[in-house]
Undergrad: 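Provided herewith is a single structure, encoded as structure tokens, for subsequent inquiry.
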Amino acid sequence: MSDTRRRVKVYTLNEDRQWDDRGTGHVSSTYVEELKGMSLLVRAESDGSLLLESKINPNTAYQKQQILSVQFPLLEATDITSFLYILLEDTLIVWSEAENYDLALSFQEKAGCDEIWEKICQVQGKDPSVEVTQDLIDESEEERFEEMPETSHLIDLPTCELNKLEEIADLVTSVLSSPIRREKLALALENEGYIKKLLQLFQACENLENTEGLHHLYEIIRGILFLNKATLFEVMFSDECIMDVVGCLEYDPALAQPKRHREFLTKTAKFKEVIPITDSELRQKIHQTYRVQYIQDIILPTPSVFEENFLSTLTSFIFFNKVEIVSMLQEDEKFLSEVFAQLTDEATDDDKRRELVNFFKEFCAFSQTLQPQNRDAFFKTLAKLGILPALEIVMGMDDLQVRSAATDIFSYLVEFSPSMVREFVMQEAQQSDDDILLINVVIEQMICDTDPELGGAVQLMGLLRTLIDPENMLATTNKTEKSEFLNFFYNHCMHVLTAPLLTNTSEDKCEKDFFLKHYRYSWSFICTPSHSHSHSTPSSSISQDNIVGSNKNNTICPDNYQTAQLLALILELLTFCVEHHTYHIKNYIMNKDLLRRVLVLMNSKHTFLALCALRFMRRIIGLKDEFYNRYITKGNLFEPVINALLDNGTRYNLLNSAVIELFEFIRVEDIKSLTAHIVENFYKALESIEYVQTFKGLKTKYEQEKDRQNQKLNSVPSILRSNRFRRDAKALEEDEEMWFNEDEEEEGKAVVAPVEKPKPEDDFPDNYEKFMETKKAKESEDKENLPKRTSPGGFKFTFSHSASAANGTNSKSVVAQIPPATSNGSSSKTTNLPTSVTATKGSLVGLVDYPDDEEEDEEEESSPRKRPRLGS
């Protein structure tokens with residue numbers, strides 16, 4: 001025998017209360033004719049001799065315990081109880097066969113121990129999750145039991161006659177409160193074949209229409225079920241007896257008229273064979289399981305708190321029946337192959353396909369009763385037979401019931417092994433178009449869910465999240481699974497997932513028409529924009545003077561509740577991506593300008609959708625990634641958030657709190673670039689909000705940072721300053737004084753002329769690497785550029801292209817980019833360039849330039865004040 005799972009050591013407890021090693025062998029459980037019952041057999045691995053032959057008695061208390069990794073002879077214990085205190089690992093089964101004769105099996109592997117334990121529990125009708133198969137008897141009750149004479153060990157049952165039914169019913173009811181009396185009654189019923197005699201009386205009572213006798217039989221059969229004995233269930237639920245048992249349970253004395261359960265089971269309930277089952281034992285087991293489940297769920301009343309343990313064996317009986325059914329079907333590969341063939345055959349009619357899918361759904365549900373190792377083999381068998389390609393076909397069908405059942409089957413597969421599903425879809429991508437990929441079919445089903453509450457979409461979204469979760473990719477043997485699958489998902493599937501979001505936030509008619517043509521679901525775009533621009537572009541930042549609330553004429557967000565719910569689900573999934581994926585989602589957000597499109601939904605009349613959009617932005621800001629921060633500031637993406645806050649007015653609600661929390665996070669974490677952007681652009685609109693100190697705190701942080709920057713500039717030694725622009729000492733001193741005075745009083749005051757604004761998509765780098773290359777190249781060019789004289793005695797200073805590239809998407813004037821904010825929140829007039837500025841600078845040859853300016857700029861990227869570089 002080479003099966004190490006069943007390899008055991010047999011131990012007995014000797015007279016000195018020490019454990020003796022009786023040898024090593026392999027254990028099995030089988031029916032022994034001489035012992036008339038299921039038994040444990042251990043045969044020596046050396047010569048095959050029998051080391052142990054022990055019948056599994058229904059009343060014996062078996063204990064599954066834990067053991068240290070040392071051998072038994074090294075353990076010293078005065079009795080079995082003290083021995084059990086020092087055990088640590090589930091590989092030991094201990095029981096007593098007679099007084100002072102204790103046995104133990106120590107397994108080499110835990111799996112083997114679990115298998116034998118399951119067999120023992122099956123015989124005794126117990127749940128395998130228990131540690132002890134029988135309740136421990138109270139000491140005083142045990143003493144009373146021992147004091148009883150031998151003749152009282154069994155209960156004397158009344159003769160099985162019609163006039164004795166009331167006496168029998170009283171007896172059965174009276175023993176339920178005592179565990180010992182329940183055991184003795186069960187043994188008496190089993191030994192005398194009493195149950196079959198009772199069922200014969202039931203047939204007589206029905207023929208005689210003896211209502212009183214039928215009521216007594218109801219109490220008797222119900223009480224026997226509550227004895228909780230598997231050996232009695234085997235008799236009661238046999239083909240010969242089960243329908244009479246159901247008949248007895250129809251005559252509840254509390255009901256005016258008996259129920260018609262037998263009529264339902266024989267006439268209404270139909271057994272459907274999707275593929276003919278030739279195994280008669282399997283057919284019988286399926287019928288029995290259905291009827292017993294019906295008895296438990298429909299016929300028997302819901303047990304009270306005191307009765308809930310009475311039917312635990314009935315639950316175990318059903319459980320083990322399901323295990324046997326799954327195992328027998330799984331072993332019949334011809335049957336399963338035929339099911340798969342018909343499921344994927346185009347010639348199969350809709351009704352037949354619906355039955356096949358429902359069969360697989362129930363089949364997978366039954367598989368949840370299997371032990372982990374058996375369940376693993378079960379799903380591997382389904383995968384080998386082609387369950388995933390079959391699901392891909394049926395999930396795309398129009399039949400709602402078929403799609404729903406297929407979704408349930410898919411959920412079992414994803415929960416069992418996300419890696420198996422991921423491996424399949426990546427292999428499939430090499431041979432199929434994106435439209436028919438399994439994950440895209442799943443996403444389309446989520447998008448096209450016709451349920452007003454989107455119940456199916458919620459389930460599918462959870463499955464998608466499991467598939468793209470990096471946490472369950474880490475423990476796999478394939479170390480490249482994470483990067484490979486995420487690359488696949490963002491290249492082949494992300495555009496399908498975001499299509500409803502991008503379409504509902506766009507006013508491009510072609511884009512909408514494409515979406516409606518691609519997906520079968522009918523979308524309504526109720527909020528039609530009345531202006532040509534659906535949202536502000538990066539180059540159209542707003543000044544403080546015109547922030548008075550959101551521009552409702554610019555909304556293009558959906559007004560349809562079901563659409564809003566779907567977009568909320570998509571946003572939840574995208575928020576998950578922001579939290580758990582790194583450069584993949586970052587590149588996607590930048591390339592699609594996704595955050596701007598999401599923030600369009602801040603105008604939705606559905607507050608839950610606006611909150612989802614806000615949560616998406618909050619997760620991005622929570623990363624404290626400066627690349628994201630530059631994207632937000634240069635795109636002016638705080639504008640819709642602040643508009644939503646102002647539109648909300650004085651209402652104290654979740655939206656108000658969420659927006660305040662966003663700005664409070666920026667203040668507490670001291671994100672300098674965002675703080676500067678908010679204060680410089682929006683403080684005038686926000687300074688009236690005084691019920692929280694968040695915005696005043698942001699202003700304070702901003703001013704403190706300005707002071708630090710001023711101190712840095714003032715502390716630079718004059719010897720380090722560049723002398724490449726010659727000027728007389730007096731002009732230099734006056735110029736420096738004017739420069740710093742302007743910085744202190746009116747930051748960002750117009751001292752340069754605006755340049756033509758390039759298109760945002762031309763300006764903003766597609767990815768971070770391109771951004772860094774552009775920055776370095778342009779900075780090297782700036783060092784060589786000199787100012788050009790535009791008129792006698794004056795210069796025109798503009799930002800070079802590299803300045804805009806280093807800071808975001810826009811190249812524009814200081815005025816347009818940074819509206820000034822003074823200490824009291826008022827804005828300075830900056831629309832016209834004062835002619836006195838250039839006149840005053842008539843003697844200037846160039847601005848003061850320090851060689852270490854570039855180094856400082858890199859160290860203080862988030863500084864709110866930057867001097868413009870000289871450009872050509």
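A quick note: this is a predicted structure, and the numbers were derived from the prediction, not measured. Heads up: numbering here begins at 1 and tracks the sequence.
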Undergrad: Going by atom types only, do Thr315 and Asp127 share a side-chain donor-acceptor pair under 3.5 Å?
TA: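 Side-chain D/A pair, Thr315 to Asp127: absent.
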Undergrad: I'd like to know if Lys285 and Glu324 make a salt bridge, using a cut-off of under 4.0 Å between side-chain N and carboxylate O.
TA: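 The answer is yes: the pair qualifies as a salt bridge.
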Undergrad: Residues two or more places apart in sequence or in another chain: which of them pass side chain to side chain donor-acceptor pair (under 3.5 Å) with Lys119?
TA: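 With neighbours one apart ignored, the set is empty.
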Undergrad: Any Lys/Arg nitrogen of Lys229 or Glu190 sitting under 4.0 Å from an Asp/Glu carboxylate oxygen of the other?
TA: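 Not counted as a salt bridge, because no side-chain N and carboxylate O are separated by less than 4.0 Å.
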Undergrad: Do Asp349 and Lys352 meet the salt-bridge criterion of a basic N to acidic O distance under 4.0 Å?
TA: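 No, Lys352 and Asp349 are not salt-bridged.
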Undergrad: Answer yes when Lys64 and Asp114 have at least one side-chain N-carboxylate O distance shorter than 4.0 Å, and no when they do not.
TA: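 Answer for the salt bridge query: yes.
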Undergrad: Hey, which of Phe363, Phe360, Phe335 is the one that makes ring pair (Phe, Tyr, Trp, His ring centres under 6.0 Å) with Phe340?
TA: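 Looking at Phe363, Phe360, Phe335, the match for Phe340 under the ring pair (Phe, Tyr, Trp, His ring centres under 6.0 Å) is Phe360.
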Undergrad: Taking Glu206 first and then Arg262, would you say they form a salt bridge - that is, a charged N and a carboxylate O separated by under 4.0 Å?
TA: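 Yes, this pair counts.
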Undergrad: Identify, with sequence neighbours excluded, every residue that meets side chain to side chain donor-acceptor pair (under 3.5 Å) alongside Glu263.
TA: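 Not a single residue meets the side chain to side chain donor-acceptor pair (under 3.5 Å) criterion with Glu263.
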Undergrad: Examine distances only and state if a side-chain atom of Ser404 and a backbone atom of Gln401 form a donor-acceptor pair shorter than 3.5 Å.
TA: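 Here the side-chain-to-backbone pair does not exist.
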Undergrad: Let me confirm one number: the CD-CG distance from Glu219 to Leu249, rounded to the nearest 0.5 Å.
TA: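 It comes to 10.5 Å.
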Undergrad: Strictly by modelled atom types, are Glu118 and Gln122 linked by a side-chain donor-acceptor pair under 3.5 Å?
TA: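 Per modelled atom types, Glu118 and Gln122 side chains form no pair under 3.5 Å.
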Undergrad: Among Ile387, Val441, Val394, Val442, exactly one meets side chain to side chain contact (heavy atoms under 4.5 Å, CB included) together with Phe410. Which residue is that?
TA: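 Considering Ile387, Val441, Val394, Val442, a side chain to side chain contact (heavy atoms under 4.5 Å, CB included) with Phe410 is found only for Val442.
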